[in-house]
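FYI, side chains are in, hydrogens and waters are out, and symmetry mates aren't considered; it's all heavy atoms of this structure. Chain letters run A, B, ... following the sequence lines, proteins first, then strands; residues in each count from 1.
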Protein chains: 2
Amino acid sequence: MNSIGVASERSGVGIEAIRYYEREGVVPAADRQANGRRVYDDAAITRLRFVRRCRGLGFSINQVKTLLSLSLSRKENCEDVSRIGHKHLDEVRQKIIDLQMLEGALVELLTNCEGGEARCPLLVRLFED
Amino acid sequence: MNSIGVASERSGVGIEAIRYYEREGVVPAADRQANGRRVYDDAAITRLRFVRRCRGLGFSINQVKTLLSLSLSRKENCEDVSRIGHKHLDEVRQKIIDLQMLEGALVELLTNCEGGEARCPLLVRLFED
DNA sequence: CTTGATCCTGTAGTAACTACAGGATGCATA
DNA sequence: TATGCATCCTGTAGTTACTACAGGATCAAG
């Protein structure tokens, strides 16, 4: 079992952010030792890492909550899971497309740049109509 | 030339966010008509769209500023552009990897779910050590 | 038994918007 | 030409998602 400091280090989520996620119900409240200190097992740390990754990919806290709840749903609300899951899948795929365009543009920029060319492709051109 | 309302609609950036980006120097101040109203050309709208996409991909306002400035740099600071560009390229590629993992997990979740299986793969397992 | 690191709660500050309020201006329509 | 409704302006206040203390308890090494 890990202290909040170790959980922070291993998940990449700041200590204060971990406590914030607990307050906001993004993750379940951590168990406490007799002295009142929080303890985290590997699953809890993985969950924190999941939250961090999702936030870094531009999902809101509410979306992360939804994603976390998706796999906890039971058979009964499978239709809901399907509908919500597909919506998020669409969004994930659009983000991948956007990132791949950005990747391509950055590669071109760096190739030109390192080839000694003064003219750089404008990144903003990326998202023309 | 477009009004701020049209620019908002075409870029997907809210009117108040557009004015906020101007105040913060994320985008250059828009030209004004004689009556004081802002006007936006296609390039300005594309730039706003670029900001929105990047923000949606989890980049901070400062990172977006940096990305916008990358292609405006001159030959002299090509080394800087290269260094900064590579750092961002790494981050873009990591985000793509994360999103592809999330995509795969969502597809699996939905396949099981729609196949009538009660057991759903845990999305949080995604980011185990 | 001290001392420095780590934890606790609680509050205040910051980043990036978002939502008014109050007033001017534009533009279609009677 | 009048009117009325949409859109714009500036400015301030509120929200989300943290981040940074303050002040105090607790742990663990020496």
Side-chain angles (χ1 to χ4, degrees), chain A residues 1-41 44-45 47-69 88 91 95 98, chain B residues 1-41 44-45 47-69 88 91 95 98:
Chain A
M1 292 297 244
N2 308 273
S3 68
I4 196 170
V6 173
S8 169
E9 193 137 323
R10 287 187 49 204
S11 67
V13 179
I15 289 176
E16 327 244 13
I18 293 177
R19 294 199 275 248
Y20 171 77
Y21 290 152
E22 180 176 319
R23 265 200 315 284
E24 296 299 307
V26 182
V27 297
D31 287 341
R32 303 289 184 123
Q33 288 177 325
N35 56 24
R37 295 188 172 196
R38 294 171 177 85
V39 284
Y40 298 85
D41 59 16
I45 291 174
R47 198 160 41 219
L48 288 168
R49 196 179 294 122
F50 179 84
V51 175
R52 178 175 62 81
R53 293 278 164 90
C54 288
R55 292 285 303 124
L57 295 169
F59 292 101
S60 72
I61 284 291
N62 273 330
Q63 286 180 306
V64 177
K65 278 190 195 177
T66 303
L67 286 169
L68 282 169
S69 73
H88 281 88
E91 191 168 337
K95 281 179 197 284
D98 287 349
Chain B
M1 292 298 245
N2 308 274
S3 70
I4 196 170
V6 173
S8 170
E9 193 138 321
R10 288 187 51 203
S11 67
V13 179
I15 289 175
E16 326 243 15
I18 293 176
R19 292 198 275 248
Y20 171 78
Y21 290 152
E22 181 176 316
R23 263 200 315 285
E24 296 298 309
V26 183
V27 297
D31 287 341
R32 302 290 184 122
Q33 288 176 326
N35 56 24
R37 295 187 171 197
R38 293 172 178 83
V39 284
Y40 297 85
D41 58 17
I45 291 174
R47 198 159 42 217
L48 287 169
R49 196 179 293 121
F50 179 85
V51 176
R52 177 174 63 80
R53 293 278 164 90
C54 289
R55 292 288 301 127
L57 295 169
F59 292 100
S60 71
I61 283 292
N62 272 331
Q63 286 179 307
V64 177
K65 278 189 194 177
T66 302
L67 285 170
L68 282 169
S69 73
H88 281 87
E91 192 167 338
K95 281 179 197 284
D98 287 348

Subject >> Glu24(B) CD to dA15(C) P, straight-line distance once rounded to whole Å >> reply: 9 Å
Subject >> Length of the line joining Ile15(A):CD1 and dT6(C):P, which is rounded to integer Å >> reply: 8 Å
Subject >> Glu9(A) CD to dA5(C) P, straight-line distance once rounded to whole Å >> reply: 15 Å
Subject >> Which residue lies more 5' along DNA chain C, comparing Arg37(B) with Asn62(B) via nearest heavy atoms >> reply: Asn62(B)
Subject >> salt bridge (charged side-chain N to carboxylate O under 4.0 Å, His left out) partners of Arg32(B), counting only residues at least two apart >> reply: Glu22(B)
**OP:** Looking at every strand, decide which applies to Arg32(B) at a 4.0 Å heavy-atom threshold: base, sugar-phosphate, or nothing.
**Re:** sugar-phosphate
Original post:
Do the side-chain N or O atoms of Asn35(B) get closer than 4.0 angstrom to the phosphate oxygens (OP1, OP2) of dG26(C)?
Top reply: yes
Subject >> Atom pair distance, as rounded to whole Å: CD in Glu22(A) and P in dA17(D) >> reply: 17 Å
**OP:** For dT25(C), take OP1 and OP2 only and decide whether either is under 4.0 Å from a side-chain N or O of Arg38(B).
**Re:** no
Subject >> Length of the line joining Ile4(B):CD1 and dT25(C):C1', which is rounded to integer Å >> reply: 15 Å
Subject >> Side-chain N or O of Ser60(B) closer than 4.0 Å to phosphate OP1/OP2 of dA15(C) >> reply: no
Subject >> Nearest-neighbour nucleotide for the Ile61(B) side chain, dA17(D), dC8(C), dA16(C) considered >> reply: dA16(C)
**OP:** Please check the phosphate of dC17(C) (OP1 and OP2 only) for any side-chain N or O of Tyr21(B) closer than 4.0 Å.
**Re:** yes
Subject >> Exam field: side chain Gln63(A) to backbone Ser60(A), donor-acceptor pair closer than 3.5 Å >> reply: yes
Original post:
Is Arg47(B) reaching over with its side chain to a backbone N or O of Val27(B), donor-acceptor style, under 3.5 angstrom?
Top reply: no
Original post:
Stepwise, does the side-chain contact (heavy atoms from CB on, under 4.5 Å) test hold for Arg49(A) with Val13(A)?
Top reply: CA-CA 7 Å; Arg49(A) 196 179 294 122; Val13(A) 179; over 6 Å; no
**OP:** With the side chain of Glu16(A) defined as its heavy atoms from C-beta on, choose the nearest nucleotide among dC17(C), dT18(C), dG10(C).
**Re:** dG10(C)
Subject >> Within 45° cone of Phe59(B) ring axis and under 6.0 Å: Lys95(B) NZ or CZ >> reply: yes
**OP:** Would you indicate, yes or no, if dA15(C) has its OP1 or OP2 atom less than 4.0 angstrom from a side-chain nitrogen or oxygen of Tyr20(B)?
**Re:** no
Original post:
What's the CD1-C1' distance between Ile18(B) and dT10(D), to the nearest Å?
Top reply: 16 Å
**OP:** Using atom CZ of Arg52(A) as one end and atom P of dT19(D) as the other, report the distance to the nearest whole Å.
**Re:** 12 Å
Subject >> Which nucleotide in dG26(C), dA19(C), dA16(C) has an atom nearest any side-chain atom of Arg55(B) >> reply: dA16(C)
Original post:
Can you tell me how far C1' of dC9(D) sits from CD of Gln33(B), to the nearest Å?
Top reply: 13 Å
